[in-house]
Amino acid sequence: ELLGSWGDNELSPECLDGAQRYLKPGGASIPTDYTSYVAPLSSSRLWNEVKHFKDLAHFETQYVVKVHNAYPMCAPQPCFVFTHPSDART
């Protein structure tokens, strides 16, 4: 799993951009692009699990979870986009 949960984990953009020099002119990279989205949500289950730690650090931690029984507070918004191969080949 090269892309990771955010599509930028595990150096995916750097690895794919670094591999561009091996791509023949006109060749296609898979994936050619990807977009990460972000949206706030409220989850009573996650709130109840985190509050037992009784410290602020656990409330400020990002969690990657399966979202069940959560309330989305707004529509997802694009956060960043990566395109491969990029126009600026090195």
Practice problem: Output the rest of the hydrophobic cluster of M73: all Ile, Leu, Val, Met, Phe, Trp and Tyr residues reachable through side-chain heavy-atom contacts under 4.5 Å, sorted by chain and number. | Solution: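 Direct or chained contacts put M73 with Y71.
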
Quiz prompt | Over 12 non-hydrogen atoms of neighbours within 6.0 angstrom of CG in D33 | solution =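 Yes - once you tally the heavy atoms of other residues, nucleotides and ligands closer than 6.0 Å, there are more than 12.
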
Quiz prompt | Exceeds 12 heavy-atom contacts within 6.0 angstrom, atom CZ of F59 | solution =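 Count over threshold, so yes.
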
Quiz item: Do the non-hydrogen side-chain atoms of P78 and S36 ever get within less than 4.5 Å of each other?
Solution: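 They are not in side-chain contact.
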
Quiz prompt | A39: side chain to side chain contact (heavy atoms under 4.5 Å, CB included) partners, not counting sequence neighbours | solution =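 Expected list: P76.
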
Exercise. Give, for atom CZ of F80 and atom OH of Y37, the distance between the pair rounded to the nearest 0.5 Å.
Key: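 One gets 11.5 Å once the value is rounded to the nearest 0.5 Å.
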
Quiz prompt | Distance in Å, L41 CG paired with N69 CG, rounded so as to fall on 0.5 Å steps | solution =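 Result: 11.5 Å between the selected atoms.
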
Self-check item: Qualifying residues under side chain to side chain donor-acceptor pair (under 3.5 Å), relative to D55, sequence neighbours excluded
Solution: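 If we apply the side chain to side chain donor-acceptor pair (under 3.5 Å) test to D55, skipping adjacent residues, the hits are H58.
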
Quiz item: Any chain of hydrophobic side-chain contacts (each under 4.5 Å) joining F53 to W47?
Solution: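 No, because F53 and W47 fall into different hydrophobic clusters, even though each may have its own neighbours under 4.5 Å.
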
